[in-house]
Trainee: 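I'd like to ask some things about the structure below.
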Amino acid sequence: MEVEILAFGITRDIVEGNTFRISLNEGTSVATLKELLYQTYPRMKQLRSLRVAVNNEYVDEEVVLSGKEEIALIPPVSGG
Amino acid sequence: MEVEILAFGITRDIVEGNTFRISLNEGTSVATLKELLYQTYPRMKQLRSLRVAVNNEYVDEEVVLSGKEEIALIPPVSGG
Amino acid sequence: MIKITEHPLNPDDITSTVFSNEAGAVNVFIGTVRATTQDKKVVRLEFETYLNMAIKEIEKIIEAMKNKWPVHHVVVHHRIGTLTVGEIAVVIAVSSPHRKEAFAACQYAIDTLKETVPIWKKEIFEDGEVWVSAHP
Amino acid sequence: MIKITEHPLNPDDITSTVFSNEAGAVNVFIGTVRATTQDKKVVRLEFETYLNMAIKEIEKIIEAMKNKWPVHHVVVHHRIGTLTVGEIAVVIAVSSPHRKEAFAACQYAIDTLKETVPIWKKEIFEDGEVWVSAHP
């Protein structure tokens with residue numbers, strides 16, 4: 001399946017866009033997605049943290065993606 | 001010597017005035033003044049605390065009064 | 001920097017004086033007159049002060065704040081006289097480079113003010129009145 | 001109660017919405033853009049957000065505050081877009097019966113906002129730019 005992922009902050013700079021598409025096998029977990037991202041975009045490995053939000057919520061890395069969710073990359077936040 | 005003492009808050013109610021006069025022996029300490037006040041105005045003994053300010057400063061009870069200071073009774077404060 | 005006044009306090013005017021381009025954090029405490037105290041309905045409060053000494057004690061608080069934390073500006077305004085429910089009794093505004101010390105310094109200021117500054121308040125209820133904290 | 005906006009924030013408007021006759025204490029935190037970071041002169045900041053999620057995360061913070069402390073009202077406004085030195089990035093106002101919980105709840109709010117709410121800021125210096133906190 002191909003999913004669209006939202007990118008914010010420094011990840012938006014790394015992927016050079018507000019969104020990008022990536023091909024995943026059925027049953028891919030968030031942890032596996034992150035591994036794929038680190039391979040495709042090695043600069044993401046250098047971040048202090050990289051969380052993944054699914055449908056506007058932080059999720060555990062074991063969560064399996066169906067391809068129908070809104071997926072977003074959350075690099076270290078710095079509001080306030 | 002006779003001194004004038006400023007009274008605030010509940011002590012103003014107890015002495016029934018913004019100031020009152022009291023006769024002290026030469027060399028009277030703040031501690032002795034407080035004892036005299038407790039004898040004259042027993043209601044002051046019931047306060048949670050009673051501090052004495054001399055020339056706008058809290059002073060230790062050993063301080064000896066000359067009769068030339070500005071003396072004030074400071075019952076428990078409750079600003080804010 | 002320090003004001004004790006019978007006129008209503010304006011938190012915005014006070015806060016705007018502490019901003020600084022070197023301060024990233026501002027903390028403001030505002031104390032207001034509550035409608036009820038220990039289940040009794042408050043009609044009004046009456047504040048009085050020993051003015052010269054109160055100013056001196058607030059100066060000491062501000063000096064201590066500046067010694068303890070890297071605060072940029074501190075403003076303390078206290079109202080006296082008669083206040084009704086909802087009115088503002090005290091405003092303390094503090095600016096500092098980072099937020100932690102702004103909170104700590106502002107909390108120190110109001111905590112210490114309530115212990116040392118000669119200001120007294122009498123609560124007037126429908127059926128009586130009491131000098132706050134006077135008795136154990 | 002919650003606003004994330006490109007328009008300038010007005011601390012007074014925000015603060016005035018949390019007053020309550022049952023609240024004796026109001027605490028306000030205001031975060032502003034500092035002129036310097038780690039000895040480098042800041043030209044401007046650029047804030048961006050993942051809006052829907054940011055609102056949700058702020059809602060969670062407010063819910064947690066109300067569970068932890070007897071707070072009456074909480075308002076959180078955050079600015080996004082381009083901010084210059086001295087401008088206000090965030091205002092958090094909290095009212096509660098007594099001062100201790102107003103301070104604690106307000107500090108919890110800004111501390112947690114900085115950890116969980118998807119808002120990012122880029123500092124622009126004269127000679128470069130950096131996403132704040134992105135790297136170890």
Side-chain angles (χ1 to χ4, degrees), chain B residues 3-22 29-31 33-35 37-80, chain C residues 2-5 9 29-34 37 45-61 76-81 83 87-92 106-124 128-136:
Chain B
V3 297
E4 188 181 62
I5 298 180
L6 308 177
F8 293 96
I10 195 168
T11 60
R12 196 165 49 73
D13 289 355
I14 294 172
V15 305
E16 294 174 356
N18 294 323
T19 66
F20 64 104
R21 302 185 73 82
I22 191 167
S29 69
V30 168
L33 167 63
K34 282 179 67 175
E35 281 309 313
L37 291 170
Y38 290 152
Q39 282 167 31
T40 316
Y41 305 103
R43 284 173 62 199
M44 288 193 193
K45 264 182 143 158
Q46 295 157 17
L47 301 179
R48 194 162 57 79
S49 70
L50 181 63
R51 285 180 283 189
V52 174
V54 172
N55 294 335
N56 296 310
E57 302 273 357
Y58 292 112
V59 293
D60 290 333
E61 304 226 327
E62 308 88 73
V63 165
V64 170
L65 300 168
S66 74
K68 296 187 171 54
E69 305 92 345
E70 181 171 306
I71 304 172
L73 300 187
I74 313 288
V77 301
S78 50
Chain C
I2 301 172
K3 194 190 269 186
I4 297 179
T5 173
L9 303 182
F29 176 79
I30 303 167
T32 57
V33 177
R34 293 177 64 198
T37 296
L45 291 193
E46 289 175 6
F47 285 84
E48 65 174 59
T49 187
Y50 181 18
L51 185 61
N52 289 346
M53 182 175 174
I55 299 286
K56 266 192 171 179
E57 288 295 322
I58 295 172
E59 283 170 350
K60 285 179 193 170
I61 293 171
V76 178
H77 286 203
H78 204 298
R79 186 155 169 213
I80 54 170
L83 277 75
E87 287 196 288
I88 297 172
V90 62
V91 179
I92 300 177
C106 190
Q107 189 155 16
Y108 169 86
I110 182 64
D111 287 352
T112 311
L113 180 148
K114 284 174 166 277
E115 283 172 10
T116 65
V117 177
I119 296 174
W120 297 270
K121 68 174 163 238
K122 190 160 64 172
E123 287 172 337
I124 289 93
E129 54 183 53
V130 63
W131 285 102
V132 176
S133 299
H135 294 106

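Just so you know, these numbers come straight off a predicted model, no measurement behind them. Letters go in sequence order (proteins before strands), and every chain restarts at 1.
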Trainee: Looking only at heavy atoms, which two atoms of C:Lys114 and B:Gly80 are closest? And how far apart?
Mentor: NZ-C, 4.0 Å

Trainee: Heavy-atom distance under 4.5 Å to chain B: side chain of C:Trp131, backbone, both or neither?
Mentor: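 It is the side chain, since no backbone atom gets that close.
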
Trainee: Could you list which of residues 11-22 of chain B have a heavy atom closer than 4.5 Å to any heavy atom of chain C, in residue-number order?
Mentor: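 Checking residues 11-22 of chain B against chain C gives B:Arg12, B:Asp13.
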
Trainee: For C:Val117, is it the side chain, the backbone, both or neither that has a heavy atom under 4.5 Å from a heavy atom of chain B?
Mentor: backbone

Trainee: Need one label for C:Ala134: side chain, backbone, both or neither, based on atoms under 4.5 Å from any heavy atom in chain B.
Mentor: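 Both backbone and side chain.
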
Trainee: More than 12 heavy atoms of other residues, nucleotides or ligands under 6.0 Å from NZ of B:Lys34: is that the case?
Mentor: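 More than 12 heavy atoms, drawn from other residues, nucleotides or ligands, come within 6.0 Å of this atom.
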
Trainee: Answer yes or no: is there a donor N or O on one side and an acceptor on the other, between the side chain of C:Trp120 and the main chain of B:Pro75, under 3.5 Å?
Mentor: yes

Trainee: Does any backbone or side-chain atom of C:Glu115 lie under 4.5 Å from a heavy atom of chain B? Answer side chain, backbone, both or neither.
Mentor: backbone

Trainee: Provide the closest heavy-atom pair for B:Asn55 versus C:Lys56 in the form atom of the first, atom of the second, distance.
Mentor: O-NZ, 3.6 Å

Trainee: With a sphere of 6.0 Å drawn around NZ of B:Lys45, does it hold more than 12 non-hydrogen atoms of other residues, nucleotides or ligands?
Mentor: no

Trainee: So what's closer than 4.5 Å to chain B heavy atoms on C:Thr32: side chain, backbone, both or neither?
Mentor: neither

Trainee: Where do C:Tyr50 and B:Glu70 land on the side-chain contact (heavy atoms from CB on, under 4.5 Å) test, with the steps shown first?
Mentor: CA-CA 12 Å; C:Tyr50 181 18; B:Glu70 181 171 306; 2.5 Å; yes

Trainee: Side chain from CB out, backbone as N, CA, C, O: work out which of these in B:Leu6 comes under 4.5 Å of a heavy atom of chain C, or both, or neither.
Mentor: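 Only the side chain of B:Leu6 comes within 4.5 Å of chain C.
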
Trainee: For B:Ile10, is there any backbone N or O sitting under 3.5 Å from a side-chain donor or acceptor partner on C:Lys122?
Mentor: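 Not at all, since once roles are kept as given, no pair shorter than 3.5 Å links the two residues.
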
Trainee: Give, as side chain, backbone, both or neither, the part of C:His135 having an atom under 4.5 angstrom from any heavy atom of chain B.
Mentor: both

Trainee: How close do C:Ser133 and B:Val77 get, counting heavy atoms only, and between which atoms?
Mentor: CB-O, 4.4 Å

Trainee: Using side-chain contact (heavy atoms from CB on, under 4.5 Å), reason through B:Ile74 and C:Met53 one step at a time and then give a plain yes or no.
Mentor: CA-CA 11 Å; B:Ile74 313 288; C:Met53 182 175 174; 3.9 Å; yes

